[in-house]
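These numbers come from a predicted model, not from an experiment.
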Amino acid sequence: VSLFSTTGTSTSSALSYYTSTSNTRPGTYAVDITAAATTPSVMGSGFSGIYADDGTPDDLSITDAISGATGSISLASGDTTDTIVGKLNAMFATSKMALTATKNGNDLVITGSRYGTASTFTVAYTPGGADGTSQLGLAAASYAGTDVAGTIGGVAARGSGQVLTA
(Lines give C-alpha, C1' and ligand atoms only; values in the text may rest on other atoms or scores of the structure.)
Protein backbone atom coordinates (compact mmCIF):
# COMPACT_ATOMS: atom_id res chain seq x y z
CA VAL A 1 0.00 0.00 0.00
CA SER A 2 1.39 3.41 -1.00
CA LEU A 3 -0.96 5.58 1.05
CA PHE A 4 0.53 9.09 1.61
CA SER A 5 3.80 8.26 -0.14
CA THR A 6 5.39 8.94 -3.48
CA THR A 7 6.41 5.97 -5.53
CA GLY A 8 7.63 5.35 -9.01
CA THR A 9 7.94 2.43 -11.37
CA SER A 10 9.78 1.71 -14.57
CA THR A 11 8.92 -0.44 -17.55
CA SER A 12 12.64 -1.13 -18.06
CA SER A 13 14.73 -3.42 -15.87
CA ALA A 14 17.74 -1.18 -16.67
CA LEU A 15 16.09 1.84 -15.01
CA SER A 16 14.77 2.22 -11.47
CA TYR A 17 12.96 4.89 -9.51
CA TYR A 18 15.19 6.31 -6.79
CA THR A 19 13.44 9.05 -4.79
CA SER A 20 11.30 12.18 -4.92
CA THR A 21 11.13 15.59 -3.26
CA SER A 22 8.31 17.98 -2.43
CA ASN A 23 8.85 19.48 -5.91
CA THR A 24 8.05 16.19 -7.65
CA ARG A 25 4.92 16.44 -9.81
CA PRO A 26 2.69 13.40 -10.31
CA GLY A 27 2.60 12.00 -13.81
CA THR A 28 4.18 9.71 -16.35
CA TYR A 29 7.59 10.75 -17.65
CA ALA A 30 9.67 9.34 -20.48
CA VAL A 31 13.31 8.94 -19.50
CA ASP A 32 15.90 9.00 -22.27
CA ILE A 33 19.49 8.09 -21.30
CA THR A 34 21.84 9.67 -23.84
CA ALA A 35 25.08 8.63 -22.08
CA ALA A 36 25.52 5.98 -19.40
CA ALA A 37 27.68 6.75 -16.35
CA THR A 38 31.17 5.24 -16.33
CA THR A 39 33.84 4.42 -13.78
CA PRO A 40 37.35 5.86 -14.13
CA SER A 41 39.70 3.53 -15.94
CA VAL A 42 43.07 3.55 -17.68
CA MET A 43 44.93 0.86 -19.59
CA GLY A 44 48.62 1.04 -20.33
CA SER A 45 49.94 0.01 -23.71
CA GLY A 46 53.07 -1.60 -25.02
CA PHE A 47 54.43 -3.09 -21.78
CA SER A 48 56.68 -6.10 -22.42
CA GLY A 49 55.45 -7.84 -19.28
CA ILE A 50 58.76 -7.52 -17.39
CA TYR A 51 59.80 -4.22 -15.79
CA ALA A 52 63.38 -3.30 -16.70
CA ASP A 53 65.17 -0.54 -14.83
CA ASP A 54 68.63 0.46 -13.62
CA GLY A 55 68.44 -1.47 -10.36
CA THR A 56 67.06 1.41 -8.28
CA PRO A 57 63.30 0.91 -7.98
CA ASP A 58 60.89 3.57 -9.25
CA ASP A 59 57.72 4.42 -7.31
CA LEU A 60 54.19 4.38 -8.72
CA SER A 61 51.77 6.45 -6.59
CA ILE A 62 47.98 6.44 -6.80
CA THR A 63 45.60 8.90 -5.13
CA ASP A 64 41.94 7.86 -4.92
CA ALA A 65 39.45 10.77 -4.66
CA ILE A 66 36.66 8.55 -3.27
CA SER A 67 38.59 7.36 -0.21
CA GLY A 68 41.01 10.31 -0.09
CA ALA A 69 43.85 7.82 0.30
CA THR A 70 47.23 7.88 -1.39
CA GLY A 71 49.58 4.94 -1.65
CA SER A 72 52.62 3.86 -3.60
CA ILE A 73 54.40 0.73 -4.71
CA SER A 74 57.99 0.13 -5.81
CA LEU A 75 58.55 -0.94 -9.39
CA ALA A 76 61.65 -3.11 -9.32
CA SER A 77 63.61 -4.47 -12.24
CA GLY A 78 62.19 -7.92 -13.06
CA ASP A 79 58.64 -7.22 -11.79
CA THR A 80 56.11 -8.89 -14.08
CA THR A 81 52.67 -7.58 -14.94
CA ASP A 82 51.22 -10.08 -12.44
CA THR A 83 53.60 -8.87 -9.72
CA ILE A 84 52.66 -5.22 -10.33
CA VAL A 85 48.92 -6.07 -10.34
CA GLY A 86 49.39 -7.94 -7.04
CA LYS A 87 51.31 -5.05 -5.44
CA LEU A 88 48.66 -2.53 -6.54
CA ASN A 89 45.69 -4.60 -5.34
CA ALA A 90 47.38 -5.17 -1.95
CA MET A 91 47.95 -1.41 -1.64
CA PHE A 92 44.35 -0.65 -2.72
CA ALA A 93 42.99 -3.06 -0.08
CA THR A 94 45.28 -1.80 2.69
CA SER A 95 44.49 1.84 1.89
CA LYS A 96 40.76 1.11 1.40
CA MET A 97 40.83 2.59 -2.10
CA ALA A 98 37.86 2.08 -4.44
CA LEU A 99 40.20 0.76 -7.17
CA THR A 100 41.21 -2.53 -8.78
CA ALA A 101 44.22 -3.48 -10.88
CA THR A 102 43.99 -6.14 -13.58
CA LYS A 103 45.87 -6.93 -16.75
CA ASN A 104 44.97 -7.13 -20.42
CA GLY A 105 47.66 -9.23 -22.04
CA ASN A 106 50.84 -7.68 -20.61
CA ASP A 107 49.26 -4.27 -20.09
CA LEU A 108 48.28 -2.89 -16.71
CA VAL A 109 44.64 -1.78 -16.20
CA ILE A 110 43.44 0.34 -13.23
CA THR A 111 39.69 0.77 -12.73
CA GLY A 112 37.60 2.58 -10.14
CA SER A 113 34.50 0.95 -8.65
CA ARG A 114 32.32 4.07 -8.35
CA TYR A 115 30.54 5.94 -11.14
CA GLY A 116 30.68 9.60 -12.13
CA THR A 117 32.93 12.61 -12.43
CA ALA A 118 33.49 12.71 -8.66
CA SER A 119 35.13 9.29 -8.92
CA THR A 120 38.72 10.04 -9.92
CA PHE A 121 42.18 8.70 -9.32
CA THR A 122 45.60 10.16 -10.07
CA VAL A 123 48.69 8.27 -11.20
CA ALA A 124 52.15 9.70 -10.45
CA TYR A 125 55.71 8.39 -10.64
CA THR A 126 58.93 9.05 -8.76
CA PRO A 127 62.02 7.72 -10.55
CA GLY A 128 64.54 5.93 -8.36
CA GLY A 129 67.41 6.37 -10.78
CA ALA A 130 67.08 6.26 -14.54
CA ASP A 131 63.32 6.62 -15.04
CA GLY A 132 61.84 3.41 -16.46
CA THR A 133 58.19 4.21 -15.82
CA SER A 134 57.35 5.11 -19.43
CA GLN A 135 57.55 1.43 -20.37
CA LEU A 136 54.22 0.82 -18.59
CA GLY A 137 52.49 2.97 -21.20
CA LEU A 138 50.43 4.49 -18.38
CA ALA A 139 50.61 8.29 -18.26
CA ALA A 140 51.01 10.22 -15.03
CA ALA A 141 47.60 11.94 -15.01
CA SER A 142 44.16 12.08 -13.40
CA TYR A 143 41.44 9.74 -14.64
CA ALA A 144 37.71 10.32 -14.04
CA GLY A 145 34.45 8.53 -14.63
CA THR A 146 31.50 10.24 -16.32
CA ASP A 147 28.02 11.11 -15.09
CA VAL A 148 24.84 9.76 -16.66
CA ALA A 149 23.22 12.18 -19.12
CA GLY A 150 19.69 12.33 -20.47
CA THR A 151 16.22 13.82 -20.30
CA ILE A 152 13.18 13.29 -18.10
CA GLY A 153 9.89 14.18 -19.69
CA GLY A 154 11.75 15.79 -22.60
CA VAL A 155 13.64 18.19 -20.31
CA ALA A 156 17.41 18.01 -19.91
CA ALA A 157 18.23 16.39 -16.57
CA ARG A 158 21.27 16.64 -14.30
CA GLY A 159 23.44 13.56 -13.89
CA SER A 160 25.50 12.67 -10.85
CA GLY A 161 27.11 9.26 -11.10
CA GLN A 162 24.28 6.90 -12.05
CA VAL A 163 21.50 9.20 -10.75
CA LEU A 164 19.56 11.38 -13.21
CA THR A 165 17.54 14.26 -11.67
CA ALA A 166 15.04 16.61 -13.27
Side-chain angles (χ1 to χ4, degrees), residues 1-47 49 60-73 75 80-125 136-166:
V1 172
S2 297
L3 189 60
F4 303 116
S5 68
T6 303
T7 61
T9 59
S10 173
T11 57
S12 169
S13 63
L15 186 68
S16 62
Y17 176 80
Y18 179 64
T19 190
S20 65
T21 69
S22 60
N23 294 326
T24 303
R25 303 287 181 248
T28 301
Y29 300 95
V31 177
D32 181 31
I33 304 297
T34 57
T38 63
T39 61
S41 185
V42 62
M43 182 171 81
S45 71
F47 184 48
L60 165 60
S61 300
I62 308 274
T63 301
D64 174 30
I66 292 292
S67 66
T70 298
S72 65
I73 63 165
L75 299 169
T80 65
T81 305
D82 288 329
T83 302
I84 296 168
V85 165
K87 287 179 179 183
L88 284 169
N89 284 329
M91 179 194 59
F92 295 156
T94 301
S95 301
K96 296 180 176 37
M97 293 185 186
L99 302 170
T100 304
T102 57
K103 69 177 187 173
N104 182 353
N106 286 330
D107 293 322
L108 180 63
V109 180
I110 302 172
T111 306
S113 62
R114 307 268 174 81
Y115 289 84
T117 56
S119 181
T120 66
F121 64 87
T122 302
V123 174
Y125 298 102
L136 293 177
L138 194 67
S142 289
Y143 301 93
T146 60
D147 293 322
V148 64
T151 62
I152 300 175
V155 177
R158 184 179 63 81
S160 178
Q162 293 180 294
V163 178
L164 193 62
T165 308

ask   = If every non-hydrogen atom of Ser41 is compared with every non-hydrogen atom of Val109, which pair is closest and at what distance?
value = OG-CG1, 4.2 Å
request  = Kindly indicate whether the side chain of Thr34, heavy atoms from C-beta on, has any atom under 4.5 Å from the side chain of Thr151.
outcome  = no
task = Please lay out, stage by stage, how Thr63 and Phe121 fare under the test side-chain contact (heavy atoms from CB on, under 4.5 Å).
result = CA-CA 5 Å; Thr63 301; Phe121 64 87; over 6 Å; no
query = Are the side chain of Ser72 and the backbone of Leu60 linked by a donor-acceptor contact shorter than 3.5 Å?
reply = no
key: Residue pair Asp147 / Ser160, side-chain donor-acceptor N/O under 3.5 Å   = no
request  = Might you point out which heavy atoms bring Gly161 and Ala37 nearest each other, and give the distance in Å?
outcome  = O-CB, 3.1 Å
Trace of the side chain to side chain donor-acceptor pair (under 3.5 Å) decision for Ser142 with Thr122 = CA-CA 4 Å; Ser142 289; Thr122 302; 2.8 Å; yes
remark   = Nearest heavy-atom contact between Lys87 and Ile73 is O-CG2, 3.7 Å
ask   = So which heavy atom on Ala166 is nearest to which on Ile152, and how close?
value = N-CD1, 3.7 Å
ask   = Looking only at heavy atoms, which two atoms of Ile62 and Met91 are closest? And how far apart?
value = CG1-CE, 3.9 Å
note = Which of Leu99, Leu108, Thr83, Thr100 passes side-chain contact (heavy atoms from CB on, under 4.5 Å) with Leu88? Answer is Leu108
task = Tell me, with the steps shown, if Ser45 and Asp107 meet side chain to side chain donor-acceptor pair (under 3.5 Å).
result = CA-CA 6 Å; Ser45 71; Asp107 293 322; 5.8 Å; no
query = Can you find a pair of side-chain heavy atoms, one from Thr146 and one from Tyr115, that are under 4.5 Å apart?
reply = no
key: Backbone N/O of Gly150 and side chain of Asp32: donor-acceptor pair under 3.5 Å   = no
ask   = Does a side-chain heavy-atom distance below 4.5 Å link Pro40 with Thr120?
value = no
Exam field: side chain Asp64 to backbone Ala98, donor-acceptor pair closer than 3.5 Å = yes
task = Keeping the roles fixed (side chain from Asn104, backbone from Met43), state whether a donor-acceptor pair exists under 3.5 Å.
result = no
message = How close do Ala140 and Ala124 get, counting heavy atoms only, and between which atoms?
response = CB-CA, 4.2 Å
Backbone N/O of Met97 and side chain of Ser95: donor-acceptor pair under 3.5 Å = no
